[in-house]
Protein chains: 2
Amino acid sequence: MLRLSKLTDYAVVVLLAMAERVPEPASAGVRTSPCLAGATGVPEPTVAKVLKALSAAGLVASLRGARGGYRLMRPLEEISVADVVTAVDGPIALAACIEGAASPCEVHHSCAAKGQWQLVNDAVCAALGAISLADMREAAVPPLLRPSGRPVTSLPFSQIAE
Amino acid sequence: MLRLSKLTDYAVVVLLAMAERVPEPASAGVRTSPCLAGATGVPEPTVAKVLKALSAAGLVASLRGARGGYRLMRPLEEISVADVVTAVDGPIALAACIEGAASPCEVHHSCAAKGQWQLVNDAVCAALGAISLADMREAAVPPLLRPSGRPVTSLPFSQIAE
DNA sequence: AGCAAACAGGACTTCACAAGTCCGATTAGG
DNA sequence: CCTAATCGGACTTGTGAAGTCCTGTTTGCT
Ligand code: SF4
Ligand code: SF4
């Protein structure tokens, strides 16, 4: 069905919630896991898990100890969907012969399309990297699809790959 | 990991194998399941399963009876990756709030990004629909990515949706 | 007419990954 | 120095894909 992980979906929701609501400026945008859980409706442990992956990827910073929490580092205009996907679900590798090792595809020796998925993979990465979270937030879906050639964030592929 | 179904991968491999090798022109390009299994290295039952899905979607035609087999209907210049994905894995629906029902997303009532995935979904559909199997075959991956604005097949979205 | 080859369709079993849950380590605060 | 609140990682469970198999139907060949 080509569905991305539900964790990734929740990650976007949580990030949008983090940026949207800043009622207490005293904390400088620091939000705790239960706070975000209550704001989004996602169960707390799941939110915590998502935040862990995001902090490991460097998208959000974690402040430990009492009065701690999470704080997003970059404005969400500079966070692409590809960043969130790679942070939560790992690198984007549609087939088994891209670079996501551990499964050398048991028929790779007699496969005519061995490295050809790279083209599709790059196209998907570009499509996901061209959409920022800010676009998703204010997306009233104006046309049916934008001209598809406008790189909103235009982040290099090396960043996506790693 | 954002991996597409392995069946989809095999479907592309099988389609390429069907088009590539035509040693006996007497059959007009008709290939049997065990023949394709031997040519690709994929186990026969899996090949049969893939072919069934492809014939159900109308990408290949099936000739029953002895001396039967499968024959691809369109030249693979006119078959996009999105067609194969939708034929094998069903419609492309990244999140649970696109149109792939059966799972209304238990937090949809308090989700700020309810319909925003549609933008990303359309972008992915466009990216997958702009690449044909012929592009994959002769893809020596010339640059790193093509200008991303050239619709190779330019099939309408309605075809992707259904 | 009878037989063999090949597809159609479904059901079943197996298994890996994701989803969700839990408790321990760490740190700011009092 | 102690407490409290939080992050961090490890664990258990469930769902869905992947793969296999079987039976019925159709067609060509002998
Ligand atoms: S394209 Fe070929 S080698 Fe690559 S994962 Fe698919 S079957 Fe394996
Ligand atoms: S975007 Fe919101 S409503 Fe849509 S699937 Fe994700 S959590 Fe559910």
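All values derive from a computational prediction rather than experimental measurement.
Counting all heavy atoms, side chain and backbone alike, A/D89 lies closest to A/L4 at OD2-C, 4.5 Å.
In terms of modelled atom types and a separation under 3.5 Å, the side chain of A/T40 and the main chain of A/L36 share a donor-acceptor contact. The backbone N or O of A/S80 sits less than 3.5 Å from a side-chain atom of A/D83, completing a donor-acceptor pair. Judged purely by atom type and a 3.5 angstrom limit, A/D9 has no side-chain atom pairing as donor or acceptor with the backbone of B/A95. For A/Q116 (side chain) and B/R137 (main-chain N/O), a donor-acceptor pair under 3.5 Å exists by modelled atom type.
Side-chain atoms of B/T46 and B/Y10, non-hydrogen and from C-beta on, do get closer than 4.5 Å to each other.
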At under 4.0 Å between heavy atoms, which parts of nucleotides 1-14 of chain D does protein reach? Answer with one letter per nucleotide, 5' to 3': B base, S sugar-phosphate only, - none.
-----SBBB-----
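Remark: C1' of C/dC17 and CG of A/L7 are 12 Å apart, rounded to the nearest angstrom. The CZ atom of B/R3 sits 14 Å away from the P atom of C/dA16 (whole-angstrom rounding). Atom pair A/D9:CG and C/dA18:P shows a separation of 15 Å (rounding to whole Å applied).
Contact check, A/T46 against C/dA19: no side-chain N or O comes under 4.0 Å of OP1 or OP2.
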